[in-house]
Visitor: 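Mind looking over this structure? Questions follow.
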Amino acid sequence: MIAPAPHSPTRITLDTAALQENYKRLTAHVPASCQVAAVVKANAYGLGVEVAVPALEQAGARFFYVAHFSEALAVRAVTGCPIAVLGGLPQGAAADYKHHKIIPVLNSPEDIAACPADLPAIWHIDTGMNRLGLRTEDVATLASRAKSLPLLMMTHFASSDDAVSPFTAEQIRRFDACIAGLPKPFQLIPHSICNSSGVLRHPEAHRQQIRPGIALYGGNPTPEAANPMRPVVEITTKILQVRTGKAGETVGYNQTETLAADTQLATIGLGYADGFFRSGSGRAHLYWRGFPCKIMGRVSMDLITVAIGSLPPTCPPPQQGDWLEIIGPHQSVDHLGASLGTISYEVLTSLSHRAERIIGI
Ligand SMILES: *Cc1c(COP(=O)(O)O)cnc(C)c1O
């Protein structure tokens with residue numbers, strides 16, 4: 001559900017038209033025979049499945065991936081399309097998967113054993129993550145004893161966001177070598193390999209299905225180059241108070257910032273409880289009319305203080321009630337992630353639950 005959050009000092013705007021445009025841009029990268037599944041785990045990377053899934057379905061998406069069964073139920077509530085759970089098939093869960101028409105991704109021999117012949121499933125081959133997935137050397141034996149054929153054979157890239165890593169090509173080679181060693185019927189099963197970065201960098205791995213996530217939500221799948229996707233999320237926050245800190249005074253918890261001169265400060269009603277990581281203390285920026293305002297001192301749970309005194313003379317400083325940009329035209333989700341010492345994925349999946357959410361533009 002979308003919490004209306006009356007009088008919230010923070011607004012998250014989700015541009016569903018941009019989300020749909022990103023889906024279409026990814027579709028344009030692959031042949032018509034390749035299905036563009038949408039990864040909507042972690043509540044559609046923080047955007048909200050009740051908004052993202054219908055928008056993606058309207059843009060053409062017909063297959064969705066989540067991490068947990070509980071997430072699959074939330075997606076099932078808004079779509080009749082196939083939904084696959086990346087996290088495997090827990091013991092005793094098969095009847096629930098079948099009842100809700102949820103497809104398990106089978107990651108281990110135990111998962112395969114737990115999966116009844118009449119529950120459609122995906123086999124995940126680990127080609128280098130060492131996280132989940134069948135070991136390549138085990139797949140042939142498992143295939144020879146299989147009760148039924150999987151819908152898809154899947155693998156997942158470790159380093160496709162890295163433009164120069166040779167490991168992605170090596171993973172594709174391992175996957176193909178593994179499949180080539182399987183009984184004939186298994187060699188005809190469609191493949192699902194690429195995440196967002198893989199879609200843009202490795203057309204040889206598009207195959208029959210791709211699984212983009214972050215690129216749909218406006219993260220840059222090719223970080224070394226300009227972002228080919230449209231931004232989807234904007235966050236603005238209202239100034240609760242403007243004050244003058246005097247030379248020699250300190251700002252915030254633990255007095256980590258001492259003012260060298262009298263400084264105009266603005267305090268906003270957003271903090272680490274809203275997903276703005278404490279690692280941004282003293283270094284990240286918010287933007288006022290395109291100009292950066294540095295965070296002064298510690299990010300606290302519900303509040304951040306920024307300096308607003310060094311704006312150009314042509315830019316009148318903001319007042320109480322004015323809105324500062326956290327993510328928007330001057331600070332992308334990737335840029336904010338970098339200045340918080342993390343990545344766009346973590347920024348989005350940490351989006352505030354107590355902000356007002358505005359859908360569409
Ligand atoms: C999260 C995930 C994806 C999507 O990855 P992005 O980098 O967000 O495009 C695809 N496949 C698997 C197995 C995943 O866990």
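Counting from 1, the numbers follow the sequence of the chain as shown. Note that ligands are numbered from 1 as they come in the structure, with each ligand's atoms numbered from 1 the same way.
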Visitor: Any heavy atom of A215 closer to ligand 1 than 4.0 angstrom?
Guide: no
Visitor: When the side chains of residues 91-105 are checked against the rest of the protein, which donor-acceptor pairs come out under 3.5 Å, sequence neighbours left out?
Guide:
{"from": "Y97", "atom 1": "OH", "to": "G88", "atom 2": "O", "distance (Å)": "3.0"}
{"from": "K98", "atom 1": "NZ", "to": "D118", "atom 2": "OD1", "distance (Å)": "3.1"}
{"from": "K98", "atom 1": "NZ", "to": "D118", "atom 2": "OD2", "distance (Å)": "3.1"}

Visitor: Run the contact test for Y65 against ligand 1 with a 4.0 Å cut-off on heavy atoms, strictly below, and give the result.
Guide: no
Visitor: Using a 4.0 Å heavy-atom cut-off, say whether P212 meets ligand 1 through its side chain, its backbone, both or neither.
Guide: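 The backbone, only.
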Visitor: Does Q58 CD have over 12 foreign heavy atoms under 6.0 Å away?
Guide: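 Atom CD in Q58 is not packed in, count stays at 12 or less.
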Visitor: Salt bridge or not for E224 and R201, using N-O below 4.0 Å?
Guide: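 Yes, charged N to carboxylate O under 4.0 Å.
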Visitor: Need the ligand 1 atom indices (1-based, order shown) with element for anything under 4.0 Å from a heavy-atom of M154.
Guide: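 By the 4.0 Å cutoff, the relevant atoms are 13 (C).
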Visitor: Could you identify the single nearest non-hydrogen protein atom to atom 7 (O) of ligand 1 and state the distance to 0.1 Å?
Guide: Y345 OH, 2.6 Å
Visitor: Backbone, side chain, both or neither: what part of R211 comes under 4.0 angstrom of ligand 1, heavy atoms only?
Guide: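 Within the 4.0 Å criterion, R211 contacts ligand 1 through backbone and side-chain atoms alike.
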Visitor: Run the side chain to side chain donor-acceptor pair (under 3.5 Å) test on Q209 and Y65 for me, step by step, so that the C-alpha distance in whole Å, both residues' side-chain angles and the decisive distance to 0.1 Å come before the verdict.
Guide: CA-CA 12 Å; Q209 187 195 69; Y65 281 93; 2.7 Å; yes
Visitor: Do any pairs count as a ring-ring contact (aromatic ring centres under 6.0 Å, His included) and have a residue in residues 240-275, sequence neighbours left out, and if so which ones?
Guide: none
Visitor: Checking a contact table here: which protein heavy atom is nearest atom 5 (O) of ligand 1, and how many Å away?
Guide: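 Among all protein heavy atoms, the one nearest atom 5 (O) of ligand 1 is N195 CB, 3.5 Å.
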Visitor: Looking at R243 and E249, is there a salt bridge between them, counting it only when a charged N and a carboxylate O are closer than 4.0 Å?
Guide: no
Visitor: For atom 14 (C) of ligand 1, what's the nearest protein heavy atom and its distance?
Guide: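 Answer for atom 14 (C) of ligand 1: K41 NZ, 2.9 Å.
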Visitor: List ligand 1 atoms under 4.0 Å from S196, heavy atoms only on the residue side.
Guide: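 Near S196, the atoms of ligand 1 are 6 (P), 9 (O).
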Visitor: Any side-chain heavy atom of T10 within less than 4.5 Å of one from I235?
Guide: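 They are in side-chain contact.
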Visitor: Between D126 and R135, is there a salt bridge with N-O shorter than 4.0 Å?
Guide: no
Visitor: Report, in ascending order of atom number, the atoms of ligand 1 lying under 4.0 Å from any heavy atom of V39.
Guide: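 Near V39, meaning under 4.0 Å from one of its heavy atoms, ligand 1 has 3 (C), 4 (C), 10 (C).
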Visitor: To check your reading of the model: name the closest protein heavy atom to atom 8 (O) of ligand 1, its residue, and the distance in Å.
Guide: Y45 OH, 2.5 Å
Visitor: Can you label the angle between the Y287 ring and the H330 ring as parallel, tilted or perpendicular, going by 30° and 60°?
Guide: parallel
Visitor: Determine whether the side chain, the backbone, both or neither of H124 has a heavy atom under 4.0 Å from any heavy atom of ligand 1.
Guide: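 It is neither; nothing of H124 touches ligand 1.
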Visitor: Residue-level breakdown please: for L86 versus ligand 1, do any non-hydrogen atoms fall below 4.0 Å on the side chain, on the backbone, on both, or on neither?
Guide: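 It is the side chain that gets close, since no backbone atom is under 4.0 Å.
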